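Before any comments, here is the structure.
Just so we're on the same page: letters track the sequence lines, and every chain starts at 1. All values reported here derive from a predicted model rather than from experimental measurement.
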Amino acid sequence: MKAKRTYLSVAAATTVGLAVASCGSSGEDGPTALDPDADLSKQSIVVSNYESYMPEDLPARFSAASGAQVEVAYHASNEEIVAKATAGDSGIDVAFINGVYAQALAAQGLLEPIDPRLVPNLANLYPEANTLPYDPGNKISVPYAWGTTGLCYRSDLTGYDPDSWLDLLEPRPEISGKTTMVSTERWLLLPALKSLGFSNSTQDEDELNQAKEVLLRTKPTLLAYDDATFFQRLVSGEASLVQAYDGWCNYGITDNPDIKYVVPKEGTDLWVDVMVIMKTSENKEAAHAFINYVLDPEIHSWVTENILYKSPNKAAMDMISPELIEQYPNIGTTVEELFEQEPLVDVGDAGPLYTRIALEVSAAD
Amino acid sequence: MRPTPLVFKVITVAAFIFLYLPIITLIVMSFNGGRNPYVMEGVSLQWYRELVTDGELIAALEQTLIVATVSSLIAVVVGTALAVGLARTTRSRSLEIVSVVPAVIPDVVQGIGLAAMFTLLAVPLGLTTVIAGHTVFATAFVVSAVRARLATSDPSLEEASRDLGAGTFTTYLRITTPIMAPAIVAGGLLAFTLSLDEYVIASFTSGSTSATLPILVYSRVRFNLTPEINALGTLLIVVSLVALVIGARWIGRRGKVSA
Amino acid sequence: MPAQKAHWQSRSRRRARAGLLGPGLLLMAVLSIAPLVLVIAYAFMTRGRFGGVVPGFSLDSWARVLEPIYLGVLWNSIVVATITTLLALAIGFPVAFVISRLPPQWRMVALVAVVLPFWTNFLIRTYAWVVLLNDVGPMNKGLAELGVISEPLGLLYSEPAVIIGLLYSYLPLMILPIYASLSSSEREIAEAASDLGARPWRVFRDVYIPLSVPGIILGGIFVFVPSIGNFVIPDLMGGGKSVLLGNVIRDQYLTARDWPFGSVLILVMLAILVALFAAQAVASRRLTGKLTR
Amino acid sequence: MTQIPEDHVLEPTTLTASAGAGDDSGSAVEGGLLEVRGVRRAFGAVVALDDVNLTIRDNEFFALLGPSGCGKTTLLRAIAGFEVIDSGEILLGGEDLHSSPPERRPVNLMFQSYALFPHMTVAKNIAYGLERERRPRAEVAERVATVMAAMQISELAKRRPSQLSGGQQQRVALARAIVKRPRLLLLDEPLSALDRQVRLEMRVELKRLQHEFGITFVMVTHDQEEALSMADRVAVMAAGRVQQLDTPVGLYRNPANLFVAGFVGASNLLVGVVRANTFDSEHFGSLPLPSNPKGVARGHLVLRPEDVRIVAPGEGHVQAVVSDVQFHGAATTVLATSSVPGAPMLVAMVTGLAQVTPGDRVGLHWDTGLVVEDALA
């Protein structure tokens with residue numbers, strides 16, 4: 001997952017918490033009447049994604065195939081898209097965003113419901129990908145990539161193979177000062193909650209406070225909090241062990257085969273990044289066409305080979321070469337294995353508490 | 001005169017090392033043969049090659065140049081008029097303060113204020129809003145530069161012009177402005193440079209497709225570290241240096257002539 | 001005198017005033033004052049359900065400022081900005097002093113040399129420090145090879161690293177005003193003082209320091225204000241382990257989307273700023289009084 | 001900006017209404033090019049011009065003389081259009097200037113600082129005013145060349161002001177104003193920035209140019225010698241009022257009050273009271289009353305040094321001892337002190353050599369003198 005952030009979060013989930021708690025159903029405004037036969041060559045869309053989270057020439061290929069014009073914008077965090085969308089017309093047509101944040105936008109009526117008639121390639125998805133808790137039935141979003149959060153490490157530097165969140169939270173002396181954690185609050189709290197045996201989406205204040213104590217004890221042993229460049233730190237040898245999203249660990253593996261990924265034995269999360277269409281989009285046919293294009297098995301497998309993240313597209317994953325899975329073992333994770341992990345769900349009214357704990361940890365001496 | 005204390009000389013030398021050490025590091029690392037931005041692995045020009053073929057970066061540079069050029073041009077025109085107006089047509093101290101507030105207010109406040117206002121008025125964020133944000137502080141800098149110069153210029157020059165038959169605006173155009181030229185150029189250059197470098201206000205006011213160079217650099221530094229950034233930094237240093245030398249020469253020459 | 005005839009000056013001055021001041025003041029009003037007023041107004045409103053603000057008077061956000069976590073961040077920011085300012089003074093004063101005593105042609109070169117790093121991109125300049133101070137970067141490597149250190153210094157991603165970054169970015173803003181106050185014609189006063197038999201340290205205490213006080217105060221403000229509002233340097237050099245006021249403000253707007261609270265924090269920062277400028281005005285008035293008396 | 005013909009600029013005024021009102025310095029109708037009537041200007045509590053009246057005639061060289069702060073510069077600037085007047089009228093050729101901005105007044109000012117445009121060459125500076133009139137290029141070039149030749153600055157045409165000496169700058173400033181052929185040329189302390197030698201040359205030069213171009217000159221100066229030697233008529237100003245307006249000889253021989261007597265030329269000033277036909281001096285007792293045209297009762301007796309003669313001790317009106325003798329070539333000044341405590345030193349000027357030396361006892365005699373009142377106008 002690409003939870004790219006500009007800075008450690010202070011209150012990221014507050015918005016989500018309120019939004020999800022207040023509104024279970026989406027799309028009250030009803031879908032706009034769409035014309036399946038619209039002339040796409042007269043349409044142009046802006047697609048906002050994280051940097052290098054899709055093949056560079058994907059937009060151009062889509063243009064060539066459909067005739068629609070595509071402009072690419074970049075955002076650094078889920079919160080940035082939420083902020084832009086709630087501020088008014090962002091000019092964005094299609095956005096790539098975490099499923100939980102997509103649900104928050106939908107609750108505010110900011111998303112256009114997905115019209116399945118215009119996305120026939122939805123049929124390519126794993127059946128399980130239709131059951132995800134943030135958007136059962138994929139009514140307002142279409143899954144793009146999914147995966148887990150775990151430990152990414154340089155086996156040659158650690159000298160052993162870690163298998164527990166405690167290897168990160170209470171590092172051995174030889175790797176102390178050479179570990180990093182993610183600072184986005186839900187994922188900052190994840191290792192502590194899991195190591196204590198709690199749910200990754202707990203709303204219990206006492207459990208959260210226990211997790212905070214763990215994180216405060218861990219802070220002095222960290223090199224830094226890092227949401228984005230941890231794999232580069234492993235490659236350079238600056239860090240030995242980092243908390244990482246599986247696909248991003250693969251970037252490190254590309255540069256150094258000694259880098260390995262492991263899901264800690266205490267368990268972790270299942271996250272999903274999705275594509276959504278903004279209500280303000282003026283070219284919704286082209287937006288749908290773009291999403292449908294991505295779901296094409298050839299394209300989506302090409303995407304996975306390019307970004308090294310698993311896709312929820314069965315047809316696409318079936319086309320992935322065994323060599324790639326050998327090089328990046330976590331791409332071979334089966335759907336069953338993935339669903340052994342606890343999918344992230346919204347934390348409702350506990351959102352501000354997560355926010356506060358994240359600030360207290362980051363501001364602590 | 002008493003000699004300068006030795007400890008002062010030592011501190012000064014240390015300070016210059018402090019100022020230039022990172023820049024020298026940057027320049028050396030830009031010729032890195034490897035892809036690790038921290039560790040030197042052989043010497044090559046590969047990152048400069050990447051730089052010139054990096055479409056995204058070139059697009060961001062274009063946006064930045066547009067923002068800096070438009071905002072500093074507006075600032076030069078509006079700011080010069082404002083400075084002259086403040087000096088010659090009013091004695092209001094509060095108007096003077098209003099005119100330089102954007103130069104002293106923290107950028108995060110300016111950026112947030114603009115973002116909040118654009119949101120409230122449903123103005124779509126984009127290149128125009130970035131230009132608007134930059135024009136404000138650029139104008140404030142031009143005003144201060146021109147004001148400083150006006151304070152030391154002889155007001156009878158303008159009276160002489162009117163006396164010889166020029167109207168108010170002809171006088172500002174043909175006499176005041178040329179005399180102020182070094183200050184206007186200095187203020188404009190300052191505004192231009194600050195705009196090229198400005199990240200905070202731009203980050204709050206830019207739309208989804210209007211990333212300026214600092215925004216791109218920030219996201220690269222945060223997410224996609226490669227020695228390409230070192231190469232870019234080196235090029236920017238060279239360009240700044242050349243601009244500085246040319247600018248200083250020009251101002252020096254003009255300054256002498258109109259002194 | 002015929003009363004109905006307006007003097008030309010009133011007409012023409014009005015026209016000139018409108019033409020000259022109009023565009024600039026309009027610009028300032030719309031793009032500087034209005035946003036500021038809006039931010040101030042937001043501080044007294046209610047947080048919107050999905051972020052932003054909704055009309056309705058509320059002082060809730062003000063109570064939050066007093067919570068220990070925010071007071072802690074505020075205090076930490078003041079400490080970091082103060083240390084940065086004091087270090088800038090400790091380095092800036094000697095540098096300004098040495099430059100002011102160089103032969104005139106070298107003075108200009110030295111000043112340009114001070115400003116030059118300032119004219120390079122702020123982010124890249126800061127990033128250069130990340131490269132330099134990195135545990136596997138050239139400084140640690142070099143020192144280790146020289147045998148000075150056996151372990152990396154671990155300087156990066158810490159509060160000291162943030163202070164180094166701030167100091168680096170704003171040092172020229174301390175040197176220039178002090179240089180300006182030292183290089184003004186009052187230099188002869190110092191020579192007069194030594195001529196009258198004052199010993200070097202006394203010349204310093206009685207002459208140079210008082211003379212440079214306006215520059216020191218101005219430089220202090222120039223360093224302190226951007227330091228306390230900065231969030232980029234803590235981001236890049238603090239490794240997320242150090243939080244300054246600027247970070248919290250930015251996050252209130254961009255991620256937490258609690259605009260009223262963000263506005264309250266902005267007002268706290270502006271209050272510090274206004275207090276500093278007021279102190280500067282008082283100090284410089286007292287000082288000029290002393291010098292002219 | 002389009003140039004509006006002069007006759008449209010100056011609004012006609014009702015001459016009859018104000019003709020001759022409180023003006024003792026000349027008739028408004030005959031020969032009055034510029035009329036200043038009842039002009040008042042105050043800056044807060046400070047009154048710079050207080051009911052100023054004067055008439056400047058066509059083609060004369062007029063001087064406004066007074067110490068700094070007397071209002072002369074304010075008056076000059078009001079005529080040029082740079083100062084608003086609170087009340088009163090300034091008429092040029094019978095037309096009220098009040099609503100004309102400086103650029104539309106057929107009046108030019110030569111600034112004390114010269115105010116040469118630093119970014120233009122000498123030729124450009126001089127051409128500036130003509131270009132503003134939208135004159136044909138050929139005419140501008142011809143007139144600039146002519147005036148530069150007249151001012152003997154033709155070789156400076158390509159230079160910039162910063163490359164000129166003070167005297168050269170002054171000539172350029174003058175040329176720049178004259179080339180416009182104004183009806184009135186105002187000169188603000190024209191010679192004050194010059195060295196003594198250049199200043200003496202320029203005095204002659206200015207008079208020559210005034211004749212040559214036939215322009216009315218109004219000069220402001222604090223230097224009485226300059227005013228007396230150059231001007232046809234001089235208005236002496238103090239405290240915002242015209243104390244006296246007269247020819248240089250008139251001012252010198254018939255000062256209107258103590259201020260004028262003291263400011264214009266050197267004089268012996270003896271304080272005292274007028275009796276039936278004597279002047280009772282405070283220090284020298286009863287003296288003959290020479291002339292008292294204004295019927296002053298209490299004031300000062302003005303004795304010009306050249307009117308005081310040195311006579312044998314015991315003779316003359318006052319007895320004194322020579323304290324100093326200063327030889328000037330054509331004349332000699334003798335300073336004499338009387339034994340009366342607190343009495344002023346007396347000054348006599350004799351042509352050629354004086355036959356006395358310091359320490360000599362002498363008598364001082366005079367036949368002419370004038371009693372003036374102390375109060376300002």
So CD of A/Glu238 and CG of C/Asn140: to nearest 0.5 Å the spacing works out to 10.0 Å

Do you know the tightest heavy-atom contact between A/Ala363 and C/Val73? CB-CG2, 4.0 Å

Closest non-hydrogen atoms of C/Gly240 and A/Ser362, given as atom of the first, atom of the second and distance, are O-CB, 3.8 Å

How about A/Leu223 and C/Leu156: do any of their side-chain heavy atoms sit closer than 4.5 Å? no

Between chain C and each of A/Ala239, A/Ser236, A/Gly237, count heavy-atom pairs under 4.5 Å; write down the option with the most. A/Ser236

Side-chain contact test, heavy atoms from C-beta onward, threshold under 4.5 Å: evaluate it for C/Tyr70 versus A/Leu359 and give yes or no. yes

Counting only heavy atoms not in A/Glu213 (residues, nucleotides, ligands), do more than 12 fall under 6.0 Å from its CD? yes

Donor-acceptor contact present, side-chain C/Lys241 to main-chain A/Ala364, <3.5 Å: no

Between atom CD1 of C/Ile69 and atom CZ of A/Arg356, what is the distance when rounded to the nearest 0.5 Å? 7.0 Å

